[in-house]
Amino acid sequence: MYGSGGWWGLLQMPFADNNPNSRNWPVIPIQFSKQYYAMMQYSKFIKNGWTILTTDADDWTLAAMRKHDDNDSSIDMAVVSTNTGLYNATTNWGFGALALPVDVEVYRTSATEDFARLESVQLSTSGVLQYDLPPNTITTFHMTFSAAPDSTPGQTPTMDRDEL
């Protein structure tokens, strides 16, 4: 820990021996904390004006969507899910009648990953996204549908905890 303030906040920089008047300032560059990357999971895609969707029986998932504009029927959707458990959690989210196939971008923050882009996945032909969330992770799923769904995603999301 550097100085009396310690390391806290989204951006970290030890100010104790880091005087702006010194010729090598900043000696130690600004560092991004794990909290910064955790916040990025929610703020990278979900912006002002997005509609927050109701999610069923899951306090650890946030889903939001936005329509591109009046002349374009496509929509963006982001689902952010946190697995605070000790075991993998399997997601089973249903997105209703959509224009398929849809590539889903996946990003994860964990003890060893900082908003890491993972391999994309596809929704099933029935519009279901099934994905295993490792323990103690925050995972964001971002997708763009070429046409808006017939209705808001139903039963979105439900999670089945793996039994180990």
Side-chain angles (χ1 to χ4, degrees), residues 1-18 20 24-48 50-66 75-95 98 100-145 153 155-164:
M1 192 178 312
Y2 292 92
S4 60
W7 292 91
W8 61 274
L10 298 178
L11 302 176
Q12 302 170 343
M13 182 174 178
F15 288 101
D17 298 320
N18 223 357
N24 295 325
W25 189 81
V27 176
I28 300 174
I30 294 173
Q31 298 176 1
F32 298 97
S33 68
K34 195 55 80 172
Q35 294 93 328
Y36 175 86
Y37 294 105
M39 182 66 75
M40 186 184 287
Q41 293 287 150
Y42 294 91
S43 63
K44 176 72 174 179
F45 300 108
I46 301 173
K47 304 287 185 190
N48 187 26
W50 282 54
T51 302
I52 304 298
L53 304 174
T54 302
T55 56
D56 296 337
D58 183 6
D59 295 334
W60 294 100
T61 298
L62 172 68
M65 65 185 281
R66 77 168 176 101
I75 61 168
D76 280 333
M77 184 176 292
V79 179
V80 183
S81 190
T82 303
N83 180 5
T84 61
L86 299 174
Y87 306 106
N88 283 349
T90 301
T91 65
N92 288 296
W93 295 316
F95 291 93
L98 303 170
L100 297 172
V102 173
D103 284 327
V104 181
E105 299 170 3
V106 183
Y107 301 86
R108 184 167 53 222
T109 296
S110 67
T112 59
E113 299 163 306
D114 296 328
F115 196 73
R117 172 86 188 259
L118 305 177
E119 186 175 336
S120 294
V121 296
Q122 282 204 336
L123 289 181
S124 70
T125 55
S126 60
V128 173
L129 175 62
Q130 186 172 24
Y131 196 87
D132 288 330
L133 302 171
N136 297 312
T137 59
I138 304 173
T139 307
T140 298
F141 303 91
H142 176 253
M143 57 211 92
T144 300
F145 301 107
Q155 301 300 319
T156 310
T158 58
M159 294 181 72
D160 298 322
R161 300 277 180 199
D162 287 345
E163 297 290 328
L164 295 180

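Hydrogens, waters and symmetry mates are skipped; everything else that's a heavy atom, side chains included, is used. Predicted model, so just to flag it, every value in this text is computed and none were measured.
- Looking only at side-chain heavy atoms (C-beta outward), I46 and L62 come within less than 4.5 Å of each other.
- Nearest heavy-atom pair, P135 versus G85, reported as atom, atom and distance to 0.1 Å: CB-O, 3.1 Å.
- Between N48 and W50, the closest side-chain pair of non-hydrogen atoms is not below 4.5 Å.
- Inter-residue side-chain proximity for W60 and T84 is flagged as met; some heavy-atom pair is nearer than 4.5 Å.
- Contact of the E113 side chain with the L118 side chain is registered, since non-hydrogen atoms from C-beta on lie closer than 4.5 Å.
- Taking the side chain as every heavy atom from C-beta outward, V80 and T139 never approach each other to under 4.5 Å.
- Aromatic ring centres of Y107 and F45 lie closer together than 6.0 Å.
- For the pair N88 and P134, the tightest heavy-atom approach, listed with the atom from each and the gap, is OD1-CA, 3.2 Å.
- With hydrogens and angles disregarded, a donor-acceptor distance shorter than 3.5 Å links the side chain of K34 to the backbone of S110.
- Side-chain contact between L53 and M77 is present, with at least one heavy-atom pair separated by less than 4.5 Å.
- M39 CE: 12 or fewer foreign heavy atoms inside a 6.0 Å radius.
- In this structure, R108 CZ and R117 CZ are separated by 13.5 Å, a value rounded to the nearest 0.5 Å.
- For T82 (side chain) and I138 (main-chain N/O), no donor-acceptor pair under 3.5 Å exists by modelled atom type.
- Between A64 and I52, the shortest heavy-atom distance links the atoms CB-CD1, 3.9 Å.
- Between the D103 side chain and the Q122 main chain, no donor and acceptor come within less than 3.5 Å of each other.
- Counting only heavy atoms from C-beta outward, the side chains of M143 and E105 never approach each other to under 4.5 Å.
- How far CG of N92 is from CD of Q130: 4.5 Å, rounded to the nearest 0.5 Å.
- Not a single donor-acceptor pair under 3.5 Å links the side chain of S81 to the backbone N or O of T61.
- Side-chain atoms of Q41 come within 3.5 Å of backbone atoms of T109 as a donor-acceptor pair (strictly under, hydrogens ignored).
- Taking the six-membered ring where tryptophan is involved, the planes of F145 and F95 are tilted, since the angle between them lies from 30° to 60°.
- Side-chain contact between Y131 and V121: present, with at least one pair of heavy atoms (C-beta onward) separated by less than 4.5 Å.
- With sequence neighbours left out, R66 forms a salt bridge (Lys or Arg N to Asp or Glu O under 4.0 Å) with D76.
- Residues K47 and S43 share a closest heavy-atom pair of NZ-O, 2.9 Å.
- Side-chain atoms of T137 do not come within 3.5 Å of backbone N or O of L133 as any donor-acceptor pair.
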